[in-house]
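Just so it is clear, the values below take in all heavy atoms, side chains as well, and ignore hydrogens, waters and symmetry mates.
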2 protein chains.
Amino acid sequence: MSDCKKRFLLSEDDIPRKWYNIQAEMPNKPMPPLNPRTRQPLKAEDLFPIFAKELCKQELNDKDVWIDIPDEVREMYKYYRSTPLVRAYALEKALDTPAHIYFKNESVSPMGSHKLNSAIPQAYYCKKEGVKNVTTETGAGQWGASLSYAAKMFGLEAAVYQVKISYEQKPYRKSIMQTFGAQVTPSPSMSTRAGKNIITRTPNHQGSLGTAISEAIELATTTPDCKYTLGSVLNHVSLHQTIIGLEAEKQMEMTGEYPDIVIACFGGGSNFGGIAFPFMRHNFSGSRKTRFIAAEPASCPKLTRGKFQYDFGDEAGYTPLLPMFTLGHNFCPANIHAGGLRYHGAGVIVSQLLKDGFMEAVDISQLESFDAGILFARTEGIIPAPESCHAIAATIREANKCKETGEEKVILFNLSGHGLIDMGSYDKYFAGDLRNYELTDDDIAKNLEDIKDL
Amino acid sequence: MSDCKKRFLLSEDDIPRKWYNIQAEMPNKPMPPLNPRTRQPLKAEDLFPIFAKELCKQELNDKDVWIDIPDEVREMYKYYRSTPLVRAYALEKALDTPAHIYFKNESVSPMGSHKLNSAIPQAYYCKKEGVKNVTTETGAGQWGASLSYAAKMFGLEAAVYQVKISYEQKPYRKSIMQTFGAQVTPSPSMSTRAGKNIITRTPNHQGSLGTAISEAIELATTTPDCKYTLGSVLNHVSLHQTIIGLEAEKQMEMTGEYPDIVIACFGGGSNFGGIAFPFMRHNFSGSRKTRFIAAEPASCPKLTRGKFQYDFGDEAGYTPLLPMFTLGHNFCPANIHAGGLRYHGAGVIVSQLLKDGFMEAVDISQLESFDAGILFARTEGIIPAPESCHAIAATIREANKCKETGEEKVILFNLSGHGLIDMGSYDKYFAGDLRNYELTDDDIAKNLEDIKDL
């Protein structure tokens with residue numbers, strides 16, 4: 001590998017000026033979100049009380065293939081973009097695989113993950129529309145940290161509901177959010193009706209993204225000059241994240257190769273969509289046959305074992321009904337350390353794409369994910385976030401297949417974040433205190449039964 | 001600032017191929033290190049039992065201005081270099097200063113600090129010379145983490161003595177070292193004679209870099225196939241760190257500006273030397289008149305209040321006698337959170353340069369350092385390491401002077417690392433639990449009295 005080029009970076013001029021809106025090019029458009037009372041398709045105006053108006057329009061825009069990145073947002077992207085595309089020579093060598101493994105390193109963002117890519121525009125549009133306060137949910141805290149930072153940069157006050165189990169597992173994330181001036185509350189909390197209901201029903205509830213979303217929406221809709229923001233699942237979040245794949249496409253050109261397989265971990269879908277969608281459009285046009293693999297936790301397997309149907313995006317049922325692969329909005333995932341993947345449903349775009357066979361999904365156990373993460377750390381030198389470990393595990397599976405078949409496939413995965421705030425999880429792994437969680441078919445059927453009439 | 005270029009990066013081809021050896025160009029060479037028994041100037045061979053031979057030669061090399069970076073080391077540098085040079089527009093705006101503030105962002109290294117720049121060559125030379133095990137000391141753990149990573153990459157076993165107070169303040173750094181397979185022991189420990197002596201004398205000793213160095217040297221010299229490595233102070237460490245300043249020099253050219261002032265925090269001197277020396281050579285030649293400012297903690301003020309004389313580099317007196325600004329090798333600094341700056345002495349090169357007026361030093365209190373770090377986080381979006389906060393505080397002082405005078409000076413500082421593993425310190429700051437430490441002239445005189453006959 002001596003003198004091989006390892007990292008590929010774009011000049012500031014080459015940072016994309018538009019996001020890619022896959023909705024406009026999908027062969028089958030997603031089914032519409034529904035108003036739960038009327039069961040009528042949602043209009044952008046229906047979302048105005050919750051989100052900044054421009055974000056509501058982006059959410060339902062299935063006409064415009066390219067959407068301008070506002071100058072102010074692009075200026076903020078320059079703080080950390082382009083992120084490097086890296087050839088993982090050392091990992092390839094350790095695996096003794098003929099595969100060429102590349103990763104897009106989103107962990108170099110100042111907040112340590114890709115989440116900032118959407119936090120910046122969401123805060124920007126809120127500011128532009130005169131909003132003073134923003135609320136949100138967060139799991140592991142990658143999104144909450146990014147929103148807190150973005151809010152501070154645009155002069156907004158931020159209130160974050162962090163899933164209780166993650167709040168306790170990763171105390172430094174709370175500290176980061178507080179450093180940026182945000183107010184952080186472990187969820188479920190007694191500060192909202194949704195939180196109180198859950199605590200009354202289940203006093204030791206450890207929280208889930210679905211629960212924290214309910215609390216944040218409730219706070220937003222009951223507070224003046226306040227909007228809610230979301231870290232994944234919704235179309236506009238994936239839209240912003242396409243900056244990842246659009247950069248990666250240019251960077252792959254610099255390598256002279258093109259990915260046969262694109263892999264990302266999967267919570268709500270914005271990280272996956274971010275890297276996958278810009279490459280997938282060439283599959284739509286028939287010019288490429290790339291495989292796309294979403295790696296989800298075995299303990300929260302909505303893509304591999306969930307059902308495609310209308311369901312709520314949150315636990316309390318405050319959101320519209322979304323057509324999604326889901327485990328049921330009451331599903332409370334096991335306490336795995338990949339807090340960002342503990343969500344019951346998949347975004348509507350990804351759900352449609354999976355249904356239509358444009359992508360695949362695999363499930364990864366907690367121990368396999370950490371095994372993969374530690375091999376990656378000891379070869380490439382970056383300690384990955386527990387979420388990203390799932391993408392690495394799926395990559396290793398594919399690289400090992402290449403070793404068996406001798407195929408020199410090009411694999412690209414998204415390193416969504418680093419794990420420096422998650423070292424407590426690694427400590428537990430080394431102490432033998434991490435385990436896998438089995439989920440029976442009955443467990444899954446029970447939660448789906450609850451939502452069968454939605 | 002719309003569409004102004006914010007980050008400046010070098011192509012892989014432009015990553016330097018040689019380190020800058022300032023010893024060869026200093027108007028007054030440093031006085032030689034002495035064998036403490038014979039008081040004769042040290043020869044490279046005298047150091048062979050402790051360090052890899054090539055490092056011993058680099059340590060005493062005052063002939064060669066440029067020293068080749070081995071290809072294998074340069075390949076490893078490519079994992080994270082060049083690091084960005086960043087124009088801190090948002091900080092400038094917050095300060096309302098006419099100064100142009102740039103920082104070299106070493107925090108993007110996978111270990112989060114500049115320390116990797118020397119860990120890689122030190123591990124490389126050890127490996128090349130057939131060494132199997134390496135030992136070292138670490139304070140906050142930035143160096144220990146970097147050495148652990150570099151050791152793993154070159155297939156060496158690493159044993160790290162971490163200063164006890166930092167081991168307790170920053171538990172995740174231990175976890176990072178362990179993730180890379182290193183053995184980590186809080187120092188002082190009962191595993192060495194030096195450690196036992198200290199614990200016997202002072203049972204609740206919180207540790208210091210001087211103590212941890214003694215333990216690591218003792219382990220290295222009593223273990224087969226084992227060498228000691230050091231994270232700062234020595235000439236060869238600063239040599240490796242000049243990669244920072246050499247890159248920054250090329251990057252400043254890209255901005256069309258040249259620094260009037262270069263600032264870095266100061267523990268042993270390698271971070272300061274790393275960014276300063278490549279610019280300082282133009283002062284030697286008379287072609288530039290840049291000011292160089294080392295920012296040290298007010299509670300460990302060897303540059304501003306210490307004495308220039310021969311002293312040991314460690315607490316137990318295992319090292320050669322070094323001509324340095326020192327507070328006395330028995331000096332145990334207050335428990336500030338900038339663990340990497342808790343060292344009693346300054347490297348010999350920097351000591352000579354300070355004596356000769358080529359640089360200045362300022363002392364910064366703990367609270368001023370955190371005030372500065374939080375302003376930086378809330379403007380530039382990067383939470384700085386407590387050590388780096390000292391450089392930021394010194395930068396803000398200079399930027400405020402520019403505001404008073406209206407001068408448009410160009411200030412460059414080194415952001416030596418991020419503070420994501422130091423969030424416990426920020427928590428304490430926000431809780432009002434951090435304080436300053438006063439050091440009386442008598443405190444300082446007492447320690448210096450102990451070493452007056454060295």
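- Considering CD of A/Glu12 and NZ of B/Lys5, their distance stands at 4.0 Å, rounded to 0.5 Å.
- A/Leu420 and B/Ile421 make their closest contact through O-CD1, 3.3 Å (heavy atoms, listed as atom of the first residue, atom of the second, distance).
- Of the atoms belonging to A/Glu380, heavy atoms from both backbone and side chain fall under 4.5 Å from chain B.
- For B/Ser146, no part lies near chain A; criterion is any non-hydrogen pair under 4.5 Å.
- The nearest pair of heavy atoms linking A/Arg7 to B/Arg81 is NH2-O, 3.3 Å.
- Counting non-hydrogen atoms of neighbouring residues, nucleotides and ligands closer than 6.0 angstrom, the NZ atom of A/Lys250 exceeds 12 such neighbours.
- With a 4.5 Å cut-off on non-hydrogen atoms, A/Ile176 touches chain B through its backbone and its side chain both.
- Of the listed residues (A/Val86, A/Asn105, A/Leu9, A/Ile383), the greatest number of heavy-atom pairs within a distance under 4.5 Å of chain B belongs to A/Ile383.
- Scanning all heavy atoms of the two residues, the minimum distance from A/Asp427 to B/Gln178 falls at OD1-OE1, 4.3 Å.
- When the candidates B/Tyr80, B/Tyr429, B/Tyr172, B/Phe430 are compared by the number of heavy-atom contacts under 4.5 Å with chain A, B/Tyr172 comes out ahead.
- No more than 12 heavy atoms of other residues, nucleotides or ligands sit less than 6.0 Å from atom CD of B/Glu157.
- Looking at A/Ser82, only its backbone comes within 4.5 Å of chain B, counting heavy atoms on both sides.
- The neighbour count for A/Gln183 CD, taken as heavy atoms of other residues, nucleotides or ligands under 6.0 Å away, does not exceed 12.
- Interface remark: A/Phe180 contributes backbone and side-chain atoms alike to the contact with chain B (heavy atom separation under 4.5 Å).
- The minimum heavy-atom distance linking B/Tyr79 with A/Thr379 is given by the pair OH-O, 4.0 Å.
- Across all their heavy atoms, B/Tyr149 and A/Gly381 have their closest contact at CE1-CA, 2.9 Å.
- With values rounded to the nearest 0.5 angstrom, B/Lys78 atom NZ is found 12.5 Å from A/Arg87 atom CZ.
- Between A/His418 and B/His418, the ring planes are parallel. Angles under 30° get that label, and only those over 60° would be called perpendicular.
- For A/Arg378 (side chain) and B/Thr179 (main-chain N/O), a donor-acceptor pair under 3.5 Å exists by modelled atom type.
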